[in-house]
There are 2 protein chains.
Amino acid sequence: MSNAEVLPLLGPAADQGVTPCCPPLTERPMTAEEAETAARMFKALGDPVRLRLFSAVASHEGGEACVCDISDVGVSQPTVSHHLKKLKEAGLLTSERRGTWVYYRVEPSVLAAMGRLLVPSAAA
Amino acid sequence: MSNAEVLPLLGPAADQGVTPCCPPLTERPMTAEEAETAARMFKALGDPVRLRLFSAVASHEGGEACVCDISDVGVSQPTVSHHLKKLKEAGLLTSERRGTWVYYRVEPSVLAAMGRLLVPSAAA
DNA sequence: TAGCTGGTTCGACATGTGTCAACATAGACG
DNA sequence: CGTCTATGTTGACACATGTCGAACCAGCTA
């Protein structure tokens with residue numbers, strides 16, 4: 001799966017990192033479509049193992065980490081791979097193979113978009 | 001169920017609304033316990049119906065809303081009640097009966113704690 | 001070519017989750 | 001008291017999800 005196929009949570013101007021998918025939760029009731037889109041992000045982080053994996057990547061130096069650096073979360077290696085794939089499908093991570101190892105990297109604009117959903121004062 | 005039974009996502013100083021359950025996701029890898037706690041929040045918002053209900057309450061004037069005001073989300077009434085209970089168990093909402101109607105209210109400090117998880121720059 | 005290591009995919013299973021119809025409960029109002 | 005309306009609870013069901021072992025693929029090294 002290429003990384004370009006999955007980036008569901010940003011608006012058309014996602015490249016500039018300024019257009020969240022939806023207004024803050026407290027601004028107005030979300031539409032069904034907005035909720036569908038945003039729920040996919042929250043769902044991706046709604047598992048303890050995925051949250052640890054994501055945090056491990058996000059806090060790693062350079063914002064990227066090899067699978068081998070973060071796979072010590074108490075589940076089998078196929079399960080780690082499964083969860084990383086889920087995070088990738090949610091648009092939260094991208095992956096790249098460099099030689100023997102595969103590196104995962106956070107998608108900063110998506111993270112910021114999620115933050116804006118929750119913290120109205122952080123909006124422009 | 002009383003409201004006091006469920007407030008899983010804030011630290012000991014939750015009353016002051018200043019102690020999130022966990023550091024920002026990008027600061028350091030989360031521990032298993034932190035991830036367990038935080039994942040419960042994200043999971044609660046990881047369903048489109050719950051997200052719409054939560055957004056409806058959060059955006060309602062006064063930060064609270066009667067069930068009758070927000071139950072138009074395309075699912076049956078028992079399902080609405082079920083989802084509101086989930087949001088309550090996650091500590092995101094509290095409820096109070098006033099006469100005939102039941103009012104739900106957002107827990108602002110929990111919302112802010114979630115925001116801090118995602119937006120490191122918003123931390124103190 | 002063969003073998004080794006890191007990572008993903010497959011197949012199967014148990015558990016969790018969203019949903020509804022039916023029933024139960026809490027107040028209001030007569 | 002009885003009845004009506006507004007919510008919550010129960011039970012059942014279909015479906016999604018987390019997990020693992022086994023098999024598979026990609027690149028390195030000999």
Novice: Under a 4.0 Å threshold between the charged nitrogen and the carboxylate oxygen, would B/Arg116 count as salt-bridged to B/Glu27?
Specialist: no
Novice: Counting heavy atoms from C-beta on, name the nucleotide in C/dT9, C/dA28, C/dG7 closest to the side chain of A/Pro78.
Specialist: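 From the listed options, C/dT9 comes nearest.
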Novice: I want to check one thing: is the phosphate of C/dG7, taken as OP1 and OP2, less than 4.0 Å away from some side-chain N or O of A/Tyr103?
Specialist: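 Negative; the distance criterion is not met.
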Novice: Considering only heavy atoms from C-beta outward, does the side chain of A/Leu93 approach that of A/Glu107 to under 4.5 Å?
Specialist: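 The answer is no; the side chains never approach within 4.5 Å.
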Novice: Which nucleotide sits closest to the side chain of B/Cys68: D/dA26, C/dT8, D/dT7?
Specialist: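 Taking heavy atoms from C-beta onward, the closest nucleotide is D/dT7.
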Novice: Less than 4.0 angstrom between a side-chain N/O of A/Ser81 and OP1 or OP2 of C/dT8, yes or no?
Specialist: yes
Novice: Whole angstroms only, please: what is the CD-C1' distance between A/Glu89 and D/dG18?
Specialist: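 After rounding, the gap between these two atoms is 14 Å.
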Novice: Below the 4.0 Å mark, does D/dG27 have OP1 or OP2 next to a side-chain nitrogen or oxygen of A/Trp101?
Specialist: no
Novice: Where along nucleotides 12-19 of chain C does protein come under 4.0 Å, by heavy atom, of base (B) or sugar-phosphate alone (S), with - for untouched nucleotides?
Specialist: -----SSB
Novice: Round to a whole Å and report the spacing from CZ of A/Arg98 to P of C/dG6.
Specialist: 17 Å
Novice: Could you give me the CA-CA distance, side-chain angles and deciding distance for A/Phe42 and A/Met114, then say whether side-chain contact (heavy atoms from CB on, under 4.5 Å) is met?
Specialist: CA-CA 8 Å; A/Phe42 288 115; A/Met114 283 190 76; 3.5 Å; yes
Novice: Distance check needed: D/dG8 P versus B/Leu87 CG, whole Å only.
Specialist: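 Rounding to the nearest Å, CG of B/Leu87 and P of D/dG8 are 12 Å apart.
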Novice: Give, for atom CD of A/Glu34 and atom CG of B/Leu51, the distance between the pair rounded to the nearest 0.5 Å.
Specialist: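 If I round to the nearest 0.5 Å, the distance is 9.5 Å.
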Novice: I'd like to know if A/Glu36 and B/Arg52 make a salt bridge, using a cut-off of under 4.0 Å between side-chain N and carboxylate O.
Specialist: no
Novice: Which atoms form the tightest heavy-atom contact between B/Ala38 and B/Leu117, and what is the distance?
Specialist: CB-CD2, 3.8 Å
Novice: Rounded to the Å, how far apart are B/Arg97 CZ and D/dT7 P?
Specialist: 8 Å
Novice: Using whole Å, report how far CD of A/Glu96 lies from C1' of C/dG7.
Specialist: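 Distance check: A/Glu96 CD to C/dG7 C1' gives 15 Å.
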Novice: Tell me, do B/Tyr104 and B/Thr94 make a side-chain contact under 4.5 Å, heavy atoms counted?
Specialist: no
Novice: Specify the separation, in whole Å, of atom CG of A/Asp72 and atom P of C/dG6.
Specialist: 14 Å
Novice: Is there a side-chain contact between A/Leu118 and B/Leu45 (heavy atoms, below 4.5 Å)?
Specialist: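 A side-chain contact exists here, since the closest heavy-atom pair is under 4.5 Å.
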Novice: At a heavy-atom distance below 4.0 Å, what parts of residues 51-58 of chain B sit against DNA chain D?
Specialist: none
Novice: Using only heavy-atom distances, determine whether the side chains of A/Ser95 and A/Lys88 contain a donor-acceptor pair under 3.5 Å.
Specialist: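 The criterion, which ignores hydrogens and geometry beyond distance, is satisfied for A/Lys88 and A/Ser95.
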Novice: Output the rounded distance in Å from CD (A/Gln77) to P (D/dC25).
Specialist: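 Checked: the CD to P distance equals 17 Å.
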Novice: Counting heavy atoms from C-beta on, name the nucleotide in C/dG6, C/dT9, D/dT7 closest to the side chain of A/Lys85.
Specialist: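 Of the candidates, C/dT9 comes closest.
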